[in-house]
Amino acid sequence: MKSKSLVSIDDLNTDEILGILDLAEEFEKKPVQNLLEGKIIATLFFEPSTRTRLSFESAISRLGGKIVGFADSSSSSVSKGETLHDTIRMVSNYSDLIVMRHPIEGSARFASEISSVPVINAGDGANQHPTQTLLDLYSIRKTQGTLDNLNIFMVGDLKYGRTVHSLMMAMSRWNTTFNFISPEELRMPDEFKLYLENLGLKYYEHTDFTDIISKADIIYMTRVQKERFSDPIEYEKVKNIYVLRNSMLSNTKPNMRILHPLPRVNEINPDVDSNPKAYYFEQALNGVFTRQAILCKFLNIK
Ligand code: CP
């Protein structure tokens, strides 16, 4: 039987998601364990990354596994013209699991169909980023004590931001109220809004959120994805459209938390960092424990 891959967050059912979050809690208590001894994990990053690659590699190292791969495809035979098909066929011979980031939407699904070992999507273009979503869910549950009935504000680039696409799909399982805040040019794509409509879930679209900020349980800020714009002038128009400042947070719920997948550019002013409601750096740390759980799940390690 072909091994299971994680390409979309919908590749996991709700019990599997909750199982990964529970396992991540165990890794947070005891992050160093020799569970991946003898396993080789390939990390293939065709796009830049700091958190996803390094937290995966930290997770693998803390569990005693070995890493092969590249952080820059120009150092691989892709630069000589080797196709993604052939690259994945080769690397699946050399490893027990592949973690891949690629700029083309659908590339992770394509890789999973070729690979003889599980493929974990570490971001495919503007499509999905399911391991980010699992660490986001972990962070939301940890800070709110529940995933149920929350009011989540997604702010910024909802068109190209793959993290909000995956998170929206995941949170739709827990009766979430969604507030989508973006400029007209960067609205949540219709396919994702249709996804919510088919489930009978509510979402609201806004271009500003200062008047409604008191309703938020989670404010999920996002970077405008410069690398996805074909016209630099269009990017310049929207790049600084939302800047969250500490002065805006006085009228927010005591338990509200600010998340951001990072990297940030200007969308969260550094004066927010010392506010106890800022949670983005802890969120990034949670990525290590969550990715330890993901590796064990997809390598079938009990
Ligand atoms: N959140 C995230 O994907 O960050 P990196 O691009 O640094 O991996």
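Excluded from the calculations below are hydrogen atoms, water molecules and symmetry mates; all remaining heavy atoms, backbone and side chain alike, are included. Each ligand, and each atom within it, is numbered from 1 in the order the structure gives.
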Please report which non-hydrogen protein atom sits nearest to atom 6 (O) of ligand 1, along with the residue it belongs to and the distance in Å to one decimal place. Arg101 NH1, 2.9 Å
Is it the case that over 12 heavy atoms from other parts of the model lie below 6.0 angstrom from the NZ atom of Lys193? yes
Ligand 1 atoms nearer than 4.0 angstrom to some heavy atom of Thr52 are 2 (C), 3 (O), 4 (O), 5 (P), 8 (O)
Quick check: closest heavy atoms across Arg141 and Leu18, and the distance to 0.1 Å? NH1-CD2, 4.1 Å
What heavy-atom pair brings Ser172 and Leu199 nearest, and what distance separates the two atoms? OG-CD1, 3.6 Å
At a 4.0 Å threshold, what atoms of ligand 1 neighbour a non-hydrogen atom of Leu262? 1 (N), 2 (C), 4 (O)
Classify the ring geometry between Phe209 and Tyr242 as parallel (under 30°), tilted (30 to 60°) or perpendicular (over 60°). perpendicular
Can you list the ligand 1 atoms lying under 4.0 Å from a non-hydrogen atom of Thr50? 5 (P), 7 (O), 8 (O)
Taking the six-membered ring for Trp and the full ring for Phe, Tyr or His, determine whether the centres of Tyr203 and Phe180 are under 6.0 Å apart. yes
Honestly, for Thr163 the part within reach of ligand 1 (heavy atoms, under 4.0 Å) is neither
Measure the distances from the heavy atoms of His129 to every atom of ligand 1 and state whether one is below 4.0 angstrom. yes
Determine the interplanar angle of the Phe46 and His102 rings, folded into 0 to 90°, and report it as parallel if under 30°, tilted if 30 to 60°, perpendicular if over 60°. tilted
Quick check: Pro263 and ligand 1, any N/O pair under 3.5 Å apart? no
With heavy-atom distances below 4.0 Å as the criterion, list the atoms of ligand 1 near Gln132. 1 (N), 2 (C)
Is any N or O atom of Arg53, backbone or side chain, closer than 3.5 Å to an N or O atom of ligand 1? no
